[in-house]
Asker: 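Let me begin by handing over the structure; questions about it come next.
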Amino acid sequence: MAGERPVFYVSDGTGITAETIGHSLLTQFNGVAFNTRRIAFVDSVEKAEAAVAEIVRAGEACGCRPVVVNTVVDPDLNALLAESGALMLDVFAPFISPLEQELGRRREARVGHAHGLVDFAAYETRINATNYALTHDDGMDIHYDDADVILVGVSRSGKTPTCLYMALHYGVKAANYPLTEEDLEGAELPRRLRAHRRKLFGLTIDPVRLQKIREERKPNSRYAKLETCRSEVAAAEALFRQESIPALSTTHTSIEEIAGKVLAHQGIHRHMY
């Protein structure tokens, strides 16, 4: 879009690493508008040339220099990408030389080499955790004995995406329970949650933001009215305080940050897969 600095996350793999690091960098610059795009699996000259053409077009359209956050390991492809004239930010570059010196050996810059490090046991853990999150989404399955953590909050407060993120990236079995009007009117912890109190973590959200999210899902409904959102959020937050349930607002917090804070508070120490 015009007026936005184009940023490309370019990788010979999925591009998730480039995008994650790039996003963290961009959030340090308030007041600058960015238009981001991920270009994955750039593992050949043809794909690199196509990426260059797209980067050049974006620069011409905005009248400014694009930024490329890059995790491509092939030096020839990197040289080709640099011909785009973009600001090249090589994610690996600052670390390779110190590691080579410390380990006493040169890197092997082979496309897709990192994928040879797949831990199949860890992969299975992530898949099982993801299946768990899906079957225990929105209170569908209320048997929480195997849960590592249970997110509690009003509908559309960010529970589902956070559970899936923790499952996919950390192999954490995360369930979520939506606080219904009946739960909130009771002004006490739902019976089915009481035995799992230590696993509970509350998510809350600004009512105005919640109203916008719900309006997109169910326009002109009572569910999406601002007064409903305000009432539910207030009741949920009161319940969290009354029951001493740790809670976090998701209004201006990324899923990555929400997940990190939940895991840290619950004492769940898992490395990212």
Side-chain angles (χ1 to χ4, degrees), residues 1-95 111-112 114-115 156-158 160-162 164-166 168-169 203 205-206 208-217 219 224 248-261 272:
M1 295 176 62
E4 296 181 334
R5 177 65 67 96
V7 178
F8 292 87
Y9 306 122
V10 183
S11 175
D12 52 33
T14 62
I16 292 175
T17 299
E19 185 168 9
T20 300
I21 295 174
H23 175 74
S24 296
L25 291 171
L26 298 186
T27 57
Q28 308 302 309
F29 297 91
N30 292 327
V32 181
F34 298 104
N35 181 21
T36 62
R37 161 95 160 87
R38 184 179 355 151
I39 305 179
F41 304 108
V42 179
D43 53 10
S44 68
V45 170
E46 293 75 20
K47 292 178 181 178
E49 289 175 340
V52 167
E54 183 172 352
I55 295 167
V56 169
R57 284 195 301 271
E60 292 173 346
C62 79
C64 58
R65 188 185 188 192
V67 175
V68 171
V69 181
N70 173 36
T71 56
V72 174
V73 299
D74 188 308
D76 293 331
L77 296 182
N78 274 325
L80 186 54
L81 290 168
E83 293 180 8
S84 66
L87 171 64
M88 301 295 294
L89 301 179
D90 188 330
V91 171
F92 296 143
F95 308 103
V111 175
H115 300 293
R156 312 310 289 179
S157 57
T160 296
T162 303
L164 288 173
Y165 181 87
M166 289 191 291
L168 283 166
H169 292 273
L203 296 187
I205 187 172
D206 178 77
V208 175
R209 173 61 179 156
L210 180 61
Q211 188 272 331
K212 291 180 180 177
I213 295 172
R214 288 184 172 184
E215 185 65 28
E216 293 177 358
R217 185 174 177 85
L248 170 69
S249 173
T250 64
T251 308
H252 302 295
T253 312
S254 68
I255 291 175
E256 295 89 344
E257 188 175 355
I258 297 168
K261 289 183 176 180
M272 182 177 284

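Everything numeric here is computed off the predicted structure, so don't read it as measured data.
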Asker: With Lys212, which residues qualify under salt bridge (Lys or Arg N to Asp or Glu O under 4.0 Å), at least two apart?
Answerer: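 None.
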Asker: Would a distance-only check, ignoring hydrogens and angles, find a side-chain to backbone donor-acceptor pair under 3.5 Å from Arg156 to Leu210?
Answerer: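 No, the answer is negative, given that no donor and acceptor are paired below the 3.5 Å cut-off.
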Asker: Hey, could you give me the CZ/SG distance between Arg5 and Cys62, rounded to the nearest 0.5 Å?
Answerer: 6.5 Å
Asker: Nearest 0.5 angstrom please: Ser44 OG to Asp74 CG, how far?
Answerer: 10.0 Å
Asker: Could you tell me which residues satisfy salt bridge (Lys or Arg N to Asp or Glu O under 4.0 Å) with Arg38, sequence neighbours excluded, listed by chain and number?
Answerer: Glu19
Asker: With sequence neighbours excluded, what pairs up with Leu26 under the side-chain contact (heavy atoms from CB on, under 4.5 Å) test?
Answerer: Val7, Tyr9, Phe34, Thr36
Asker: In a check of side chain to side chain contact (heavy atoms under 4.5 Å, CB included) between Phe41 and each of Thr14, Asp12, Val10, which one passes?
Answerer: Thr14
Asker: Return the set of residues passing side-chain contact (heavy atoms from CB on, under 4.5 Å) with Ser157 (not counting sequence neighbours), or none when no residue passes.
Answerer: Val154, Lys159, Leu203, Ile205
Asker: Shortest non-hydrogen contact from Ala48 to Leu77?
Answerer: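 What the structure gives for the nearest pair is CB-CD2, 4.0 Å.
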Asker: Mind listing the closest non-hydrogen atom pair of Ala40 and Gly13 along with its distance?
Answerer: CB-O, 3.3 Å
Asker: Do you know which two heavy atoms are closest between Ala86 and Val68, and how far apart they sit?
Answerer: CB-CG2, 3.6 Å
Asker: Rounded to the nearest 0.5 Å, how far does CD1 of Ile255 lie from OH of Tyr165?
Answerer: 9.0 Å
Asker: Go through the structure and list residues passing side-chain contact (heavy atoms from CB on, under 4.5 Å) with Glu215, not counting sequence neighbours.
Answerer: Gln211, Pro219, Asn220, Ala224
Asker: Decide side chain to side chain contact (heavy atoms under 4.5 Å, CB included) for Val52 and Leu81; before the verdict, give the C-alpha distance in whole Å, the side-chain angles of both, and the deciding distance to 0.1 Å.
Answerer: CA-CA 6 Å; Val52 167; Leu81 290 168; 4.2 Å; yes
Asker: With Ser11 as reference, evaluate Asp43, Asn70, Thr71, Thr17 under the side chain to side chain donor-acceptor pair (under 3.5 Å) test and give the passing residue.
Answerer: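 Exactly one option meets the side chain to side chain donor-acceptor pair (under 3.5 Å) with Ser11, and it is Thr71.
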Asker: For Arg65 and Gly59, indicate whether the former's side chain and the latter's backbone hold a donor-acceptor pair under 3.5 Å.
Answerer: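 Such a contact is absent between Arg65 side chain and Gly59 backbone.
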Asker: Checking Asp206 now: which residues fulfil side-chain contact (heavy atoms from CB on, under 4.5 Å) with it, not counting sequence neighbours?
Answerer: Val208, Arg209, Thr251
Asker: Could you grab the distance from atom CD1 of Ile213 to atom OG1 of Thr250, nearest 0.5 Å is fine?
Answerer: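 So the CD1 of Ile213 and the OG1 of Thr250 are separated by 7.0 Å.
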Asker: State, with a plain yes or no, whether a side-chain heavy atom of Thr20 is found less than 4.5 Å away from one of Glu256.
Answerer: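 No, side chains not in contact.
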Asker: So, Gln28 side chain and Ser24 main chain: donor-acceptor pair closer than 3.5 Å or not?
Answerer: yes
Asker: So does Arg217 have more than 12 non-hydrogen atoms from other groups sitting under 6.0 Å from CZ?
Answerer: no
